[in-house]
Amino acid sequence: QVQLVDSGGGLVQAGGSLRLSCAASGLTFSAYAMGWFRQAPGKEREFVAAITQSGGRTFYADSVKGRFTIARDNAKSTVLLEINSLKPEDTAVYYCAAVGAGGNIYNHLTYAYWGQGTQVTVSS
């Protein structure tokens with residue numbers, strides 16, 4: 001049974017930082033690219049960042065470039081999202097997800113497995 005467990009969210013003031021973590025089990029972790037998405041109330045789920053199977057390439061939404069950093073540890077089957085310089089508009093539920101080879105990393109519909117989400121709230 002595949003399981004992705006998101007953690008690390010919380011309430012933080014604007015300008016602050018958080019580290020989100022996603023622990024995977026039940027799948028061959030190194031065979032999947034990993035992504036982070038977020039969804040704010042009343043809005044569609046949007047791409048945040050992704051990392052290839054080996055970790056050699058990373059991809060970011062323009063809105064988070066320079067502030068967010070994605071990384072993975074295949075030995076521990078984990079993926080991290082470092083979030084810096086947080087803004088109120090970053091408030092959302094953040095989800096990690098796994099996509100198989102050939103999937104479109106920017107499109108949430110192509111991801112096979114999802115975490116339960118972790119809430120990030122940024123106060124102004």
Side-chain angles (χ1 to χ4, degrees):
Q1 180 183 355
V2 176
Q3 201 169 16
L4 302 180
V5 179
D6 304 326
S7 62
L11 173 63
V12 63
Q13 287 189 329
S17 299
L18 284 173
R19 173 184 284 192
L20 306 186
S21 179
C22 173
S25 60
L27 77 170
T28 304
F29 185 72
S30 60
Y32 290 83
M34 297 298 295
W36 285 93
F37 289 77
R38 66 186 181 186
Q39 189 165 18
K43 294 189 176 181
E44 293 189 355
R45 191 165 297 193
E46 66 170 347
F47 171 80
V48 174
I51 188 167
T52 54
Q53 287 86 335
S54 67
R57 295 183 68 191
T58 56
F59 308 85
Y60 297 95
D62 287 343
S63 59
V64 307
K65 248 176 224 178
R67 301 189 297 122
F68 290 18
T69 303
I70 188 171
R72 67 188 293 161
D73 184 337
N74 284 349
K76 296 181 179 179
S77 297
T78 58
V79 59
L80 301 175
L81 187 68
E82 295 272 1
I83 307 176
N84 299 307
S85 304
L86 276 160
K87 305 175 182 179
E89 52 264 42
D90 294 319
T91 295
V93 178
Y94 284 70
Y95 300 88
C96 77
V99 60
N104 182 341
I105 60 164
Y106 297 102
N107 185 348
H108 70 278
L109 296 175
T110 68
Y111 281 72
Y113 304 109
W114 289 85
Q116 83 285 1
T118 185
Q119 176 71 49
V120 171
T121 303
V122 185
S123 63
S124 57

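Residue numbers run from 1 in the order of the sequence given.
- Taking hydrophobic clusters as Ile, Leu, Val, Met, Phe, Trp and Tyr residues chained together by side-chain heavy-atom distances below 4.5 Å, Trp36 shares a cluster with Ile51.
- In this structure, Arg72 is positioned above the aromatic face of Phe29, its NZ or CZ under 6.0 Å from the six-membered ring centre and within 45° of the axis.
- In this structure, CG on Leu80 lies 8.0 Å from CG on Asp73, to the nearest 0.5 angstrom.
- Contact between Ala97 and Tyr111 at its shortest, heavy atoms only, is CB-CD2, 3.3 Å.
- How far CD of Gln1 is from OH of Tyr113: 10.5 Å, rounded to the nearest 0.5 Å.
- Across Leu4 and Ala24, no two heavy atoms sit closer than the pair CD2-CB, 3.3 Å.
- Taking each heavy atom of Thr91 and Ala40 in turn, the nearest pair found is O-CB, 3.7 Å.
- Judged by distance alone, the side chain of Thr110 and the main-chain N or O of Gly103 form no donor-acceptor pair under 3.5 Å.
- Of the possible polar contacts, none joining the Gln39 side chain to the Ala92 backbone as a donor-acceptor pair under 3.5 Å is found.
- A distance of 4.0 Å separates CG in Leu20 from CD1 in Ile83, rounded to the nearest 0.5 Å.
- Of all heavy-atom pairs between Ile105 and Ala50, the closest is CD1-CB, 3.9 Å.
- Rounded to the nearest 0.5 Å, atoms OG1 (Thr52) and CZ (Phe59) are 6.0 Å apart.
- No chain of hydrophobic side-chain contacts below 4.5 Å, direct or via other Ile, Leu, Val, Met, Phe, Trp or Tyr residues, connects Val5 to Val2.
- With rounding to the nearest 0.5 Å, the separation of CG in Leu11 from CD in Gln119 is 9.5 Å.
- Using bins of under 30°, 30° to 60° and over 60° for the plane-to-plane angle, the ring pair Phe68/Tyr94 lands in the tilted bin.
- Ser124 and Pro88 get closest at one heavy-atom pair: CB-CG, 3.9 Å.
- The two residues Ala101 and Gln53 have their closest heavy-atom pair at CA-NE2, 3.9 Å.
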For this session: Decide side-chain contact (heavy atoms from CB on, under 4.5 Å) for Leu81 and Arg38; before the verdict, give the C-alpha distance in whole Å, the side-chain angles of both, and the deciding distance to 0.1 Å.
Result: CA-CA 12 Å; Leu81 187 68; Arg38 66 186 181 186; over 6 Å; no
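- Annotation: the span from Tyr60 atom OH to Ile70 atom CD1 amounts to 6.5 Å, rounded to 0.5 Å.
- Between Asp62 and Lys65 there is a salt bridge, with a side-chain nitrogen of the basic residue lying less than 4.0 Å from a carboxylate oxygen of the acidic one.
- When atom types are taken as modelled, the side chain of Arg67 and the backbone of Ser85 share a donor-acceptor pair closer than 3.5 angstrom.
- For the ring-ring contact (aromatic ring centres under 6.0 Å, His included) with Phe37, the lone residue among Tyr95, Phe47, Tyr106 that qualifies is Phe47.
- Residues Val93 and Val79 do not share a hydrophobic cluster, defined by chaining ILVMFWY side chains whose heavy atoms lie under 4.5 Å apart.
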